[in-house]
Amino acid sequence: MLNPAVLFFFLGILAVLARSDLEIPQCISKLMSLYLLLAIGFKGGVELSHSSFGTEIAATLLSAVLMSALVPIYTFFVLRRFVPAHDAAAIAATYGSISAVTFITAVGFLQTLEIPSSGYLVAAMALMESPAIIVGLVLYRYVAAGQDVEGDDFAWSRVLREACFNGSVFLILGSLLIGLVTTDAHAASLAPFTDDLFKGVLTLFLLDMGLIAGRRLAALREAGIGLVLFAVVVPLVNAAAGVAITLVLGLGLGDALLFTVLCASASYIAVPAAMRLSIPQANASLYVTLSLAVTFPFNIVVGLPLYLAVLRWVHA
Amino acid sequence: MLNPAVLFFFLGILAVLARSDLEIPQCISKLMSLYLLLAIGFKGGVELSHSSFGTEIAATLLSAVLMSALVPIYTFFVLRRFVPAHDAAAIAATYGSISAVTFITAVGFLQTLEIPSSGYLVAAMALMESPAIIVGLVLYRYVAAGQDVEGDDFAWSRVLREACFNGSVFLILGSLLIGLVTTDAHAASLAPFTDDLFKGVLTLFLLDMGLIAGRRLAALREAGIGLVLFAVVVPLVNAAAGVAITLVLGLGLGDALLFTVLCASASYIAVPAAMRLSIPQANASLYVTLSLAVTFPFNIVVGLPLYLAVLRWVHA
Amino acid sequence: MLNPAVLFFFLGILAVLARSDLEIPQCISKLMSLYLLLAIGFKGGVELSHSSFGTEIAATLLSAVLMSALVPIYTFFVLRRFVPAHDAAAIAATYGSISAVTFITAVGFLQTLEIPSSGYLVAAMALMESPAIIVGLVLYRYVAAGQDVEGDDFAWSRVLREACFNGSVFLILGSLLIGLVTTDAHAASLAPFTDDLFKGVLTLFLLDMGLIAGRRLAALREAGIGLVLFAVVVPLVNAAAGVAITLVLGLGLGDALLFTVLCASASYIAVPAAMRLSIPQANASLYVTLSLAVTFPFNIVVGLPLYLAVLRWVHA
Amino acid sequence: MKPVKRIEIIIDSLDIRMVLQELEDIGISSYSVIRDVIGSGDRGARSGDLLNDAMKNSYILIACDEEQAEKITEALRPKLKRYGGMCLVSDAQWVQH
Amino acid sequence: MKPVKRIEIIIDSLDIRMVLQELEDIGISSYSVIRDVIGSGDRGARSGDLLNDAMKNSYILIACDEEQAEKITEALRPKLKRYGGMCLVSDAQWVQH
Amino acid sequence: MKPVKRIEIIIDSLDIRMVLQELEDIGISSYSVIRDVIGSGDRGARSGDLLNDAMKNSYILIACDEEQAEKITEALRPKLKRYGGMCLVSDAQWVQH
Ligand SMILES: Nc1ncnc2c1ncn2[C@@H]1O[C@H](COP(=O)(O)O)[C@@H](O)[C@H]1O
Ligand SMILES: Nc1ncnc2c1ncn2[C@@H]1O[C@H](COP(=O)(O)O)[C@@H](O)[C@H]1O
Ligand SMILES: Nc1ncnc2c1ncn2[C@@H]1O[C@H](COP(=O)(O)O)[C@@H](O)[C@H]1O
Ligand code: NA
Ligand code: NA
Ligand code: NA
């Protein structure tokens, strides 16, 4: 299935490989991601305002938080065998957290297939960013690190603020709440902006993501084949766990896909920023490259159709 | 009434208070304000092309210019008792001039309530930016300042150019004139851009304004309670004068609201730029903070519904 | 005929002449040109996917490439009488190549007049950027330059990559190919972005082009009356050749206009970048100013209606 | 390599046209400008976040000979006094080409 | 003209708040900042192309007297050690106004 | 603190890849870059307002030892001659960390 948004992602990668000077200024990337976060949050809130808050929602949100907290634990102990503790903790947090862009691409994917999904998954996304960061740090500071962490100017308050109030979490949750209390008339007047443009902006944004990911490909060699494998296998494992959870929770197909994608995705916005402040020794190039240049493309190209097929099969 | 645009403004303020790193690059702010000025000017011009130019329009425009010229006079003499002459002149010019963003928010507010308004109010807005600047300068140079202004490299030509041809005035007036001569077919082909997106861009823009205003809150302490009160009372006084004028002029409800809002609003784009060049001694932080962090939020949150209620009452 | 997009172009020029501080940040210019190239390429591809690839298309593309290669030859020998060889080669390449913005303006022009055109002209545009650069360089290095070019670090590989993979060519061709393989359902979901906004973004973009062109007007004096005349006459000559070719090829009115406009237009994006690398001695201010401040406005203001009138006459 | 003076000016972005005009008037036609600079000084913080260039600074770098440096600093002194900003002069070697 | 020290700091954009706080704590309230700087150093390339300010640097310029310069470099040394970056000190003349 | 050479290069933005490649070739892997610089010089004004990076400059700052400085200036001299731009060398102290 030739989705133009995904093709533009490859066009971006190709531009880097062909050494084209095609480039998107960083402030444009920021504009597009602000728009997408606002739109997805707001639409999620509006949808949520039409559904009743029940145990299904509560159970899903709780499972989401748990997944975000548990994934870093198992990945940390796996990673410690191959890389230093600081890198292990940072990568673990990366894979426990989520990628808003992957989620947004999945929403676009469902829209094209006209599979309905619920707004509260947006809340699940926002809630999954921070627990992984906190667990990653706890593992690093109390389980693994020795004299490394003595006498540094680490402050939980600063890290927690960074983890919970970072720009993207803040904007998603804020937009969700605003969407929740907005009347239908107001929401309709914003629809040409939040709805009609969504796919188009996502397309241009994926071109940009392709350029960004493409520029990181060179750093893959440095990471080594082991970690690259890790960046493909862990999403599959997490997705499998996600599928199992959606079965237990009894989610519909669209919601199940979004939940699975959240489990499978890895962060490259919130986590790098938080790690820089709290584990500056960790090699940022490593964890950013794995999530951005391996896991992200894997999820949007192979993952989305694969997870959907599996979900269709287990739901049948 | 929960208007999402206003809620996003508060979300922006909240982001600053929570010390979130949410941020909108300056060039994106510029893009949004360019878009809004172009759209409001163009739509105003198109509407104007459908109405006949009569005495009502002429009288309204004249009143607008007069208000812009008179407000600085009374505020200047009030302010001089509390602050040095250069600050008094700069603040006076600020409150005589207008805020395009407040006007644009009011247009969105009217659209939501489906209250019609006329295009020529856009012209009134553009005409009200400059007189206040000129009057403020005259007061400063010929009434108040002593040796302060001797021997400086002040040039009226430069200041007048700045006051009359500054980017926002130029774009509004230019777009208005282009809208005026544009055929309906052309205007319709631009409508998805100038009309459908308007509310959405305004919403994102108000988030940005919230961030900008929030960052200025800290400077309020420096201003002191007296000036903060000034920044709330003067808009109310000017709005009352505005309401009275609209009664005399016999404007319709929508037009009356826009006129009142123009009187009540204070500049933070054109005036700061002009003051920097002509009264560099004035404390920019002071007048920008008052208009941006007090008067602007007051007008869009309390002012708009209040002025509308009053206008409904007096018009009934 | 008062096209608002063209009027905004003049508004931009006027802003510069009035010394207004109206300004559009460069990254916004880049966003708009990225958007326009993506949209025009994608829409061209979608249209192309509905037509059958036949000899007409092949003949048109071939003629386009030939025009792009031949124009630099004759202009080079004309120019050499007036300017040094390096400037002659650079200007020749400029006029052999094309201006995507002029093409896009022509597409908007046809849309307004509801004259249909085909998607493959977009491919012609993309193919016409590079041959002119290569021919210009060949002329310079093997025909004209003496010791100038000895021992420099010139590398054809680098120049060819620059000529063929520069950002704008890459994005147009990539978008065209993606449009070609996109299903109608996907294309429809992107239409609010790629189609509905097109005219509006073009309008804002032409305001920006007006500002850019306006700032170059001062450099016209440096160029001299002879070159300014050149910048008007050569487009007319090339347009005449273009009209003749479209008659031979038997193109429809819309396609004929686009082909003619491609012949008449001159580059100010791809060529300056390529010339800087390969003929750094050439005076960039000269060739950029001629194409941007003379030929571009001439084509969109006088050229478009003139070429259309002529084509209507010869096609009748 | 040739010894030169290296002049750095930080001034309100709104004043940049004026300063460049001043430079032109005294015959300086080689300079570099970085437009987006924020900062803090005697006149408080300049955060660069308004909708225009108010509250933002620009940075100008000029390499010139000693005599020109003298001229530039003399011409700028009153501007700096009136509009604020900063000007530093240091020594450098110009790589001749 | 008054001799001053000219301190240049290049540090991770994410750390800029922290450094400015540090400056405030030791009483430095005059400085200039250029926010968008990319580069390469011991910790690899910083390309400035992510969706936030991770992988981007900022540049701080401070003109101050020798004593303040001492204080600043002492305060920054541990930060630079922990978070990376660079700090240069050179001499300049401040044009008085 | 360690004495270092402070090299500043201003060059066409389109040439920046080439210059960084050159630096890599001679073993320099620490540098900082400011991409958006405008200016004016022998080849006229560079206003940075075209739709691509033509007509725009970039600024490179390198702190290195004297020997490396020598190598860099030697490598850059022909590029500056061919493509224009400027290169300044000055002295500074590197705050060790
Ligand atoms: N000592 C200094 N070091 C670095 N930058 C300064 C210094 N003093 C002033 N500046 C810059 O010059 C601008 C205006 O300074 P002022 O006129 O003192 O408010 C500030 O916003 C800073 O960007
Ligand atoms: N020798 C140097 N010259 C110029 N900039 C440097 C130098 N070393 C480090 N930097 C800058 O400081 C940043 C962080 O350096 P590092 O902590 O060494 O990775 C780099 O990305 C560069 O921007
Ligand atoms: N003396 C100078 N001082 C500061 N910047 C300069 C100087 N000369 C050249 N430049 C910069 O280098 C660029 C190219 O210079 P040029 O090759 O002389 O045109 C100019 O656009 C300026 O940004
Ligand atoms: Na995850
Ligand atoms: Na007012
Ligand atoms: Na041509």
Side-chain angles (χ1 to χ4, degrees), chain A residues 1-36 39 105 107-115 190-211 214, chain C residues 25-39 41-43 45-46 49 157-158 160-198 200-201 269-270 273-274 276-277:
Chain A
M1 207 204 57
L2 294 162
N3 183 336
V6 172
L7 292 175
F8 272 102
F9 178 78
F10 284 109
L11 188 66
I13 291 189
L14 208 68
V16 177
L17 297 180
R19 305 198 57 191
S20 166
D21 63 355
L22 183 61
E23 198 188 38
I24 300 188
Q26 200 202 12
C27 63
I28 303 306
S29 317
K30 286 189 181 172
L31 169 63
M32 293 190 289
S33 75
L34 282 169
Y35 164 81
L36 291 169
T105 311
V107 169
F109 180 77
L110 289 177
Q111 279 177 9
T112 307
L113 298 177
E114 296 182 6
I115 300 173
L190 289 178
F193 184 70
T194 53
D195 291 19
D196 300 352
L197 291 189
F198 189 76
K199 282 279 196 70
V201 176
L202 180 59
T203 299
L204 184 54
F205 187 61
L206 283 182
L207 172 65
D208 193 14
M209 291 302 300
L211 291 166
Chain C
Q26 199 201 16
C27 64
I28 303 306
S29 317
K30 285 190 182 172
L31 169 63
M32 294 191 289
S33 76
L34 283 169
Y35 164 81
L36 291 169
L37 294 173
L38 187 153
F42 184 76
K43 291 194 292 182
V46 170
S49 73
S157 67
R158 191 174 154 217
L160 285 178
R161 197 181 55 233
E162 188 65 39
C164 302
F165 290 153
N166 79 70
S168 56
V169 174
F170 197 91
L171 184 54
I172 296 168
L173 279 182
S175 306
L176 187 95
L177 291 176
I178 292 176
L180 205 54
V181 300
T182 293
T183 62
D184 285 0
H186 272 127
S189 77
L190 289 178
F193 184 69
T194 52
D195 291 18
D196 299 352
L197 291 189
F198 189 77
V201 176
I269 302 185
R276 255 297 299 168
L277 293 169

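Here is how names work: the chains are called A, B, and so on, in the same order as the sequence lines, proteins then strands, and each is numbered from 1.
With respect to chain A, the highest number of heavy-atom pairs below 4.5 Å among Leu31(C), Thr194(C), Leu177(C), Leu197(C) belongs to Leu31(C). In terms of non-hydrogen atom pairs under 4.5 Å with chain C, the most contact-rich of Ser20(A), Pro192(A), Pro25(A) is Ser20(A). Each of Thr183(C), Thr182(C), Asp196(C) has some count of heavy-atom pairs under 4.5 Å with chain A, and the biggest count is that of Thr182(C).
Considering all non-hydrogen atoms of both residues, His186(C) and Thr112(A) come closest at NE2-CG2, 3.1 Å.
Here OG1 of Thr203(A) is found 4.5 Å from CG of Leu190(C). Values are rounded to the nearest 0.5 Å. Atom CZ of Phe42(C) and atom CG of Leu7(A) lie 9.0 Å apart (nearest 0.5 Å). With rounding to the nearest 0.5 angstrom, the CG atom of Leu14(A) is 8.0 Å from the CZ atom of Phe165(C).
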Carefully, step by step, assess Leu207(A) and Leu171(C) under the rule side chain to side chain contact (heavy atoms under 4.5 Å, CB included).
-> CA-CA 10 Å; Leu207(A) 172 65; Leu171(C) 184 54; 3.8 Å; yes
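Residue contact with chain C, scored on non-hydrogen atoms closer than 4.5 Å, is absent for Leu202(A). Both the backbone and the side chain of Leu11(A) have a heavy atom closer than 4.5 Å to some heavy atom of chain C. Interface remark: Phe8(A) contributes backbone and side-chain atoms alike to the contact with chain C (heavy atom separation under 4.5 Å). With a 4.5 Å cut-off on non-hydrogen atoms, Ser168(C) does not touch chain A at all.
Distance alone, capped at 3.5 Å, places no donor-acceptor pair between the Asp21(A) side chain and the Asn166(C) backbone.
For Arg161(C), the salt bridge (Lys or Arg N to Asp or Glu O under 4.0 Å) criterion is met by no residue, not counting sequence neighbours.
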